[in-house]
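Here's the structure we're looking at; comments come further down.
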Amino acid sequence: MPEFSDTIIRLFKKREATGEGGLLTGTDPSAFNVSDPLRLWIIQVGVIIMMAQLLSLCLGRMKQPKVIAEVLGGILLGPTALGRIPGFTQHIFPSQSLPYLYLVANIGLCLFLFIVGLEIDASVIKRNARMSVIVSLAGIALPFGLGSALSLPLYHQFIDPSVHFTYFMLFTGVAYSITAFPVLCRILTELKLLDTTVGIIVLSAGVGNDVVGWTLLALSVALVNAGSGLTALWVLLTCVAFTIFLLLVVKRAMLWLARATGSTNDGPTMFYMTIVMILLWACAFFTDIVGVNAIFGAFLAGIIVPREGGLAIALTEKLEDMVTIIFLPLYFTYSGLNTDLGLLNDGITWAFTIAIACLAFLGKFGGCTIASRLSGFSWREASTIGALMSCKGLVELIVLNVGLSAGILSQKVFSMFVLEALTLTFMTTPLVRALYPPERRVIATSGGAPPRTRDEEDYADKKSPVNEEQPWRYRFTVILDKLEHMPSIMALTQLARPPVPDFSSLTTAVSMSTASDPAPLKYKTPEVSISALRLIELSDRPSAVMKSSTTDTLIHTDPLLGIFRMFGELNDLPVSTSLTIVPYDDLAYNVVDHAKRNGSQLILLPWLPPCAGTAETSEGATPRREKLDHNPFEAIFGTSRDKSASVVHSQFVRGVFAQSETDVAVFVDPGNHINTCAGTGGSHHIFLPFFGGPDDRLALEFVVQLCANPKINATVVKMEKREIENRQIERPPTAQSDTKVDTNSLALPHQHGLTTSSIIVFPDTVYGQPNTEMRMQSETADSIIWSRYAGCNLSDSDIPRPLRAALSRINFTNLASPVPLHAAIQRASMCQRVLVVAGRSKRLAVENHHAELKDLVEEHRVMGHEVTRKTIGDVATAFVVSGCATAMVVLQAANVEME
């Protein structure tokens with residue numbers, strides 16, 4: 001093969017002739033090369049992103065916006081900190097490479113300003129025009145005046161006389177009057193203020209403030225670049241004409257094109273996306289060549305994109321990851337590289353720095369607070385509006401960078417203003433939390449209804465207590481979070497729905513004897529109420545913030561809510577819907593709070609356990625568990641199901657269990673054939689192993705309610721653990737194992753030197769330590785409820801007909817075994833299409849099943865059982881591991897019982 005050899009030799013010779021050495025030749029990979037700047041740029045990006053992410057992890061715990069981490073990362077990488085290390089700046093950020101870094105950062109800045117334009121919704125201002133305009137103008141005028149006044153001593157102390165004072169005064173006033181709208185949206189969403197009167201006013205005033213601020217900045221840049229007032233006027237008039245052309249002509253054309261291409265229905269097509277990108281760079285190019293910065297053109301391009309059909313959100317989702325992960329950190333790191341806090345090295349400098357921060361805060365806080373108070377808000381609400389509007393964030397940093405690049409600001413003054421922007425942004429969140437706690441927040445209402453505070457909401461009329469006189473649960477909170485969970489949640493809702501009892505004959509009998517017995521009729525049928533809560537996690541993406549400000553629209557267009565509404569219509573179920581967008585850490589709290597506010601009696605949750613993974617066999621056959629040794633990679637990386645998603649979701653489920661003051665039911669899909677247990681046709685069988693405790697008592701009541709449906713019957717087995725009398729026992733056969741096992745291998749708690757405390761891991765949900773009195777009360781309650789249902793005489797006429805009909809479909813038995821989990825699984829395996837109902841039993845559990853569960857796991861050779869056990873308890877995990885259940889419902893009684 002001489003041709004191949006000659007080609008390889010020519011390639012090596014060509015590479016050698018270019019004079020570019022590789023790492024193997026001893027060349028420094030960080031050495032900057034003008035003809036090949038990519039390698040150093042990659043190193044710079046890696047360092048910047050790692051620093052920003054590391055700081056955001058720390059500051060995120062303090063509920064601080066990510067922009068603070070990015071700016072602090074740039075400051076630390078600059079001459080303030082790491083730049084003082086000998087050789088660091090020369091190798092990582094040499095001065096020759098900064099133009100390339102600045103070019104990419106400005107490309108990202110144009111994309112970011114385009115996204116900011118997409119976030120601005122003019123309809124927000126129209127809905128709250130009167131008060132928002134007053135607050136917005138007050139938040140611009142007073143800070144601008146204070147900034148202009150402070151600019152005079154600043155100019156004489158720190159600015160070179162060659163710089164025109166007018167230009168410096170304009171930049172100082174604009175920096176004071178600006179409000180960071182993107183950061184403000186994020187703070188409002190995280191603090192759950194978007195549905196309050198304060199949040200609505202701040203959002204609309206922030207939009208107006210942003211538009212006016214960018215206009216003032218454009219005017220300032222035009223004056224600097226023009227050099228004379230007449231030229232600046234021509235530049236300003238040109239920009240105004242261009243803006244009018246975009247808003248009146250191009251915006252309508254973009255809407256027509258979006259409808260014509262179907263982008264408003266199915267998201268932006270490739271052709272529409274291409275047109276939008278061309279428009280973006282065309283606008284940026286035009287505003288740049290007429291003497292205004294290119295970022296203004298990008299901002300205008302974002303404003304004219306249609307909002308119909310969530311098109312702006314869809315466009316943001318396509319761009320935001322690359323912009324927020326790569327481009328924005330580059331821009332703010334470049335700002336940090338120009339920030340040298342070491343220049344603030346004398347008393348007069350620090351005095352001016354403190355004065356800049358104090359006057360900037362007082363201008364925004366005072367102006368907006370006074371305007372809000374005059375508009376009718378209370379002092380608490382008005383001060384909260386002022387605190388929110390004082391947020392500076394990344395928008396002021398952009399203004400400062402424009403001023404620095406134009407030569408208006410010196411590096412020392414630039415560093416002073418950067419420190420001021422960071423300080424005001426950092427203090428916004430804690431100040432708002434202190435001024436406006438959740439119990440004092442006023443909820444915005446529609447239709448002229450008077451506003452109300454969260455703690456004034458009265459739930460007494462919604463509460464329908466569950467007791468002996470009213471055993472059925474009719475008020476449900478249904479959680480919708482992911483599309484793959486929809487079959488599970490619809491199955492659980494269909495099961496939990498109580499049938500409408502026929503009281504006609506009973507009512508007639510009572511009416512005939514009203515004179516002799518005027519007592520009211522028991523077991524009245526309240527109206528079924530289902531509240532569907534759609535959960536969306538608030539991430540760092542701008543699109544998530546945009547969604548949070550458009551919940552009124554999303555609640556009608558969200559596909560999961562649409563599916564569940566149709567499910568309710570088909571099954572004649574009254575469904576009310578709501579949508580919330582909150583950070584992941586607050587998801588569980590929102591579920592609990594929503595259930596409390598709606599007076600729900602039962603929270604319905606779906607869950608896919610990570611250890612579920614069965615291969616389906618023929619209909620009615622026992623599912624075959626896939627052995628992990630068939631695939632060695634599964635033994636290393638886990639099961640075929642997306643384990644990470646299940647593990648993350650289990651943390652949310654456990655959070656609901658831990659915080660809920662309402663009964664909770666979790667539908668567990670073991671991965672067999674979920675739909676066979678919840679179909680509309682045919683009969684279904686329920687199996688309940690009753691071990692005792694508050695959760696098992698709730699499970700028993702739930703089974704009785706399910707059996708009010710004539711298509712459902714049940715087997716309830718009261719399980720008891722029998723002491724081992726012989727050394728060799730015969731374990732009840734399961735679907736996968738029917739061998740004899742020596743008791744030495746059972747590893748019961750009293751064997752092998754193991755105690756209960758040595759085998760129980762620290763619980764994920766911490767309950768109070770039960771004492772002897774609590775356990776005796778729980779055992780007494782177990783006996784009472786068992787005798788009420790299992791010992792009920794069905795011929796007794798005092799028992800209401802619905803309860804008598806339900807109990808007639810339940811078979812109550814007792815079962816004692818030294819291995820109760822194995823015995824329960826064997827009993828359940830005798831039924832086909834079985835739905836297992838079990839209590840979570842993480843508190844006041846009668847028996848400790850940890851050792852026997854461990855034995856079951858070894859028999860069936862599954863992984864991920866520890867997450868399952870922490871989430872739904874030992875008994876339910878045993879059925880998931882064995883794979884004998886078509887589906888499961890795990891219940892936990894309200895946590896108020898344990899107090």
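In what follows, residues are counted from 1 in the order of the sequence shown.
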Counting only pairs under 3.5 Å, give me each side-chain donor-acceptor contact of residues 267-278, with atom names and distances, residues two or more places apart or in other chains.
| residue | atom | partner | partner atom | Å |
| --- | --- | --- | --- | --- |
| T269 | OG1 | Y272 | N | 3.2 |
| Y272 | OH | M254 | O | 3.2 |
| T274 | OG1 | M270 | O | 2.8 |

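For the pair G342 and R84, the tightest heavy-atom approach, listed with the atom from each and the gap, is CA-NH2, 3.6 Å. For the pair I115 and E320, the tightest heavy-atom approach, listed with the atom from each and the gap, is CD1-CA, 4.1 Å. Taking each heavy atom of V323 and P329 in turn, the nearest pair found is O-CD, 4.2 Å. Pairing each heavy atom of L343 with each of T349, the nearest pair is O-CG2, 4.4 Å. Shown here for L311 and P306, the closest heavy-atom pair between the two residues is CB-O, 3.7 Å. Between G87 and H91 the shortest heavy-atom distance is O-ND1, 2.8 Å.
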Working for side-chain contact (heavy atoms from CB on, under 4.5 Å), residues L419 and L344: CA-CA 10 Å; L419 189 59; L344 312 181; 4.1 Å; yes

Audit row: M169, L152, side-chain contact (heavy atoms from CB on, under 4.5 Å) steps and yes/no: CA-CA 8 Å; M169 182 192 70; L152 183 61; over 6 Å; no

Stepwise side-chain contact (heavy atoms from CB on, under 4.5 Å) check, L193 with L388: CA-CA 11 Å; L193 293 174; L388 286 166; 4.2 Å; yes

Residues S97, Q44; criterion side chain to side chain donor-acceptor pair (under 3.5 Å); working and verdict: CA-CA 10 Å; S97 68; Q44 292 172 341; 2.9 Å; yes

side-chain contact (heavy atoms from CB on, under 4.5 Å) assessment of F299 paired with F114: CA-CA 5 Å; F299 177 73; F114 174 71; over 6 Å; no

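Relative ring orientation between F365 and F361 is described as parallel, the plane-to-plane angle staying below 30° on a 0-90° scale split at 30° and 60°. Aromatic ring pairs are classed by plane angle as parallel below 30°, tilted from 30° to 60° and perpendicular above 60°; the pair Y155 and F165 is perpendicular.
With respect to F171, the side-chain contact (heavy atoms from CB on, under 4.5 Å) criterion is satisfied by exactly one of L217, V163, L216, L400: L217. When each of V235, I408, V402 is paired with V221, the side-chain contact (heavy atoms from CB on, under 4.5 Å) condition holds for V402 and for no other.
I356 is listed as a side-chain neighbour of L154, based on a closest heavy-atom distance under 4.5 Å. Counting heavy atoms from C-beta on, the side chains of F144 and T172 never come closer than 4.5 Å. In this structure, T353 and F417 have side chains that are not in contact, with every pair of non-hydrogen atoms separated by 4.5 Å or more. Annotation: side chain of F426 is in contact with side chain of L59 (closest heavy-atom distance under 4.5 Å). For the pair L170/V224, no side-chain contact is recorded, criterion being any heavy-atom separation below 4.5 Å from C-beta on. Proximity of L38 to I42: side-chain heavy atoms (C-beta onward) are separated by under 4.5 Å at one or more points. Within the 4.5 Å cutoff, the side chain of L255 has heavy atoms near those of the E308 side chain. The shortest distance between side-chain heavy atoms of Y331 and I398 falls below 4.5 Å.
A ring-centre distance under 6.0 Å is found for F352 and F158. A centroid separation of less than 6.0 Å is found between the aromatic rings of F32 and Y100.
The distance from atom OG of S410 to atom CD of Q157, rounded to the nearest 0.5 Å, is 11.0 Å. From L362, atom CG reaches atom CG of L142 across 9.0 Å, with rounding to the nearest 0.5 Å.
Taking 4.0 Å as the cut-off between side-chain N and carboxylate O, E317 and K547 count as a salt-bridged pair.
A donor-acceptor pair shorter than 3.5 Å cannot be found between the side chains of Q64 and T429. One side chain, T179 or K364, offers a donor N or O that lies under 3.5 Å from an acceptor on the other.
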